[in-house]
Amino acid sequence: MNDFKEIKVRFAPSPTGPLHIGGARSALFNWLFARRYNGKFIVRIEDTDLDRSSRESEENILSSLRWLGLDWDEGISVGGANGPYRQTERLDIYIRYANQLLERGLAYKCYCSEEELAAQREQQLAAGEMVRYTGKCRDLTPEDCERLEKEGRKPVIRFKVPLGRNIIINDIVRGEVSFECDGIGDYIIVKSDGIPTYNFAVVVDDHLMSISHVIRAEEHLSNTPRQVLIYEAFNWPMPEFAHVSLILGKDRSKMSKRHGATSIEQYRDLGYLPEAMANFLALLGWSSGKEQEVFSLEELCSQFSLDRVVKSPAVFDLDKLNWLNGHYIKTSPVERIAKLAVPFLQKAGYLSENPDDKTMEKVQLVVVAVRDYLEYLAQINDYVDVFFNDPEYSDPEARQVLSWEETPTVLRAVIDKLAAMTSAHMDEAAAKSLLKKLPKDLGLGGKKVYLPLRSALTGKTRGPELYHLLPALGNSAAIRRLETALDVAGH
RNA sequence: GGCCCCAUGGUCAAGAGGCCUAAGACACCGCCCUUUCACGGCGGUAACCCGGGUUCGAAUCCCGGUGGGGUCACCA
């Protein structure tokens with residue numbers, strides 16, 4: 001298909017903020033593609049925007065990537081033969097190539113000021129034309145340059161875009177896309193401070209790093225002809241391009257902060273599981289063609305292919321993410337969910353800083369009792385109070401139930417049974433059998449038994465299964481609550 | 001506005017000319033299970049943007065329109 005010996009792809013974020021949902025999907029697609037075809041995945045940092053880039057963002061992005069379960073064969077923080085992998089550490093390389101273009105007359109220095117350019121841009125915009133540089137400095141003589149530099153002007157380097165040409169891109173997901181060169185205008189490849197621009201650095205790096213497939217978001221499609229021109233100027237082999245459609249917000253515009261949580265870390269902090277996030281992201285723009293919705297990372301690796309990537313943009317559907325995440329919460333080992341739940345419980349004050357083993361056992365029992373309710377872990381605090389704090393019996397419905405004349409009989413019966421038990425905690429099976437026998441033993445209907453019990457134990461008429469509640473509470477706490485309830489009801 | 005991309009239910013999407021009386025999933029609604037609330041099970045409502053072609057036959061191919069989106073920086 002192309003001239004490259006091996007499949008090699010990259011994710012090249014600019015460290016100007018946390019990892020965005022869209023960026024995460026691009027990273028995932030690249031990673032899946034590499035894993036599927038036994039290629040290499042590399043991560044490179046594009047930090048040529050000095051004002052907005054930061055090490056904090058870089059760290060943040062990398063940690064989000066790792067959290068999602070992605071790893072890379074080469075690149076930032078793991079090294080490799082084609083480093084460095086931070087563009088600001090490769091400046092001499094770009095200058096060398098830019099000078100080559102200058103020498104060959106394929107690029108030139110431009111001394112136009114930003115003010116002049118801004119005015120021109122406005123004029124073109126108003127006239128309804130494509131905004132582009134008109135080539136004012138294209139034919140400056142060396143003497144002109146010298147004079148302008150003496151005036152103190154610092155030049156940028158512009159690439160000389162050939163006139164009258166048509167650039168055709170064969171995009172893997174989009175098919176043939178063509179652009180007229182006349183609409184592009186000579187663009188800047190090196191800024192006046194000597195830092196290369198994206199459109200130039202990306203090509204130099206992708207070439208030097210032998211990138212065979214450029215998989216990225218559709219917003220880059222209109223940049224592609226500029227990059228193609230650079231490949232051609234150096235006579236470098238062209239990679240395949242695959243432009244994946246954007247992820248949209250509810251209002252169908254490009255996803256941004258206004259649409260709610262947009263960064264991976266925000267979802268992580270709300271208690272979304274990485275495998276749910278990856279599964280969901282994979283389904284945004286790709287489908288297996290089969291009737292399967294739940295995919296492990298491994299399954300994704302073995303099934304992913306670019307020809308099943310959809311062309312149309314996808315709206316970010318929080319409902320579906322929630323469903324998937326809930327699914328993973330229900331099906332993961334309890335120990336894991338319990339561990340993940342700890343920070344949330346601590347934040348709400350239910351747990352101390354370093355919960356001991358005994359506490360963790362209780363947390364597991366709590367998780368067993370409530371995890372079916374959860375879409376994401378932060379919601380756990382909506383359901384667990386009943387396990388950690390004795391009820392206040394302020395709920396009118398529960399008080400009503402406690403005032404039933406059969407209630408004391410039920411509560412006393414259970415108190416007796418609990419008191420007679422040899423172990424301090426019963427397990428789920430023991431709780432179930434105790435509960436099951438109750439109605440018959442007391443000669444009462446289930447409603448008359450379970451509702452009073454629930455109300456006495458929790459102060460509420462709805463909540464987790466009693467057979468989950470009893471083991472988590474422990475016998476003495478249960479007895480205490482039942483006795484308090486008898487008092488409260490005035491029996 | 002110029003250039004570029006896109007167009008199947010509310011959302012994600014299957015569909016690559018007859019198999020479509022158009023999958024599946026999320027959401028929604030109903031029933032069942034549960035003597036609570038969820039979970040779960042079963043069922044239901046709901047879509048090929050419009051107009052022209054091409055063809056015996058079009059959701060699928062072509063053209064036009066409309067709509068939506070992206071992009072037009074010394075940002076990536």
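Below, all heavy atoms of this structure are taken into account, side chains as well, without hydrogens, waters or symmetry copies. Note on naming: letters A, B, ... go to the chains in the order of the sequence lines (proteins, then strands), and numbering restarts at 1 for each one. Here the structure is a predicted model, which is why all the values come from computation and not from measurement.
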Under 3.5 Å donor-acceptor pair, [X] side-chain atoms to [N] base atoms:
X      : N     : result
A:Y373 : B:C37 : yes
A:R174 : B:C5  : no
A:N223 : B:A76 : yes

Looking at every strand, decide which applies to [X] at a 4.0 Å heavy-atom threshold: base, sugar-phosphate, or nothing.
X      : result
A:V177 : sugar-phosphate
A:K448 : nothing
A:S53  : nothing
A:L125 : base
A:C112 : base
A:E114 : base
A:R454 : base
A:G463 : base
A:R308 : sugar-phosphate
A:F179 : sugar-phosphate
A:G445 : base

Determine whether a donor-acceptor pair (N or O, by modelled atom type, separation under 3.5 Å) exists between the side chain of [X] and the backbone of [Y].
X      : Y      : value
A:S332 : A:I329 : no
A:S302 : A:E299 : yes
A:T407 : A:V401 : yes
A:K432 : A:E428 : no
A:R153 : A:Y111 : yes
A:E180 : A:D182 : no
A:Y450 : A:L435 : yes

Tell me the partner of [N], counting only Watson-Crick (N1-N3 plus N6-O4 or O6-N4) or G-U wobble (N1-O2 and O6-N3) with both under 3.5 Å; none if nothing fits.
N     : result
B:U66 : B:A7
B:A16 : none
B:A23 : none
B:C31 : B:G41
B:U71 : B:G2
B:A46 : none

Selected nucleotide, minimal atom distance to [X] side chain, candidates [options]:
X      : options            : value
A:L221 : B:C74, B:C4, B:C37 : B:C4
A:R121 : B:C5, B:A73, B:U34 : B:A73
A:E465 : B:U35, B:A7, B:U34 : B:U34
A:V310 : B:A13, B:C74, B:C6 : B:A13

Quote, to the nearest angstrom, the [atom1] distance that separates [N] from [M].
N     : M     : atom1 : result
B:G18 : B:A22 : P     : 16 Å
B:A27 : B:G40 : P     : 8 Å
B:U21 : B:G15 : C1'   : 16 Å
B:C20 : B:A59 : C1'   : 9 Å
B:C39 : B:C32 : C1'   : 14 Å
B:A23 : B:U45 : P     : 11 Å
B:C63 : B:C4  : P     : 14 Å
B:U36 : B:G44 : P     : 27 Å

Would you tell me if any nitrogen or oxygen in the side chain of [X] comes within less than 4.0 Å of OP1 or OP2 on [N]?
X      : N     : result
A:R158 : B:A73 : no
A:T48  : B:A76 : yes
A:S287 : B:A14 : yes
A:K311 : B:C6  : yes

Can you tell me how far [atom2] of [N] sits from [atom1] of [X], to the nearest Å?
X      : N     : atom1 : atom2 : value
A:Q379 : B:C37 : CD    : P     : 19 Å
A:N199 : B:C74 : CG    : C1'   : 13 Å
A:Y383 : B:U36 : OH    : P     : 17 Å
A:Q120 : B:A73 : CD    : C1'   : 13 Å
A:F295 : B:A13 : CZ    : P     : 13 Å
A:H243 : B:C3  : NE2   : P     : 20 Å
A:D395 : B:U36 : CG    : P     : 17 Å
A:F241 : B:C4  : CZ    : P     : 18 Å

Under 3.5 Å, N/O pairs linking protein and nucleotides 61-70 of chain B:
from	atom 1	to	atom 2	distance (Å)
B:G70	OP1	A:K254	N	3.1

For residues [X] and [Y], is any side-chain donor paired with an opposing acceptor at under 3.5 Å?
X      : Y      : result
A:N322 : A:Y272 : yes
A:R86  : A:T88  : no
A:N223 : A:Y198 : no

Nearest nucleotide by nearest heavy atom, which residue falls closer to the 5' end of RNA chain B, A:V131 or A:L284? A:L284
Looking at A:Y94, I'd like to know if the NZ or CZ of A:R96 sits under 6.0 Å from its six-membered ring centre while staying within 45 degrees of the ring's axis.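 Judged by the rule (NZ or CZ under 6.0 Å from the ring centre, within 45° of its axis), A:R96 is not positioned above A:Y94.
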Picking from A:R174, A:K311, A:R216, what satisfies side chain to side chain donor-acceptor pair (under 3.5 Å) with A:H243? A:R216
How does protein contact run along nucleotides 21-27 of chain B, one letter per nucleotide 5' to 3', with B for base contact, S for sugar-phosphate only, - for none, heavy atoms under 4.0 Å? --SBBBS
Assess whether salt bridge (charged side-chain N to carboxylate O under 4.0 Å, His left out) is satisfied between A:E46 and A:R44, documenting all intermediate values. CA-CA 6 Å; A:E46 308 213 329; A:R44 176 178 75 223; 2.7 Å; yes
Can you give me every donor-acceptor pair (side chain of residues 9-24 of chain A, partner residue at least two apart or in another chain, under 3.5 Å) with its distance?
from	atom 1	to	atom 2	distance (Å)
A:R10	NE	A:D206	OD1	3.0
A:R10	NE	A:D206	OD2	3.4
A:R10	NH2	A:D206	OD2	2.8

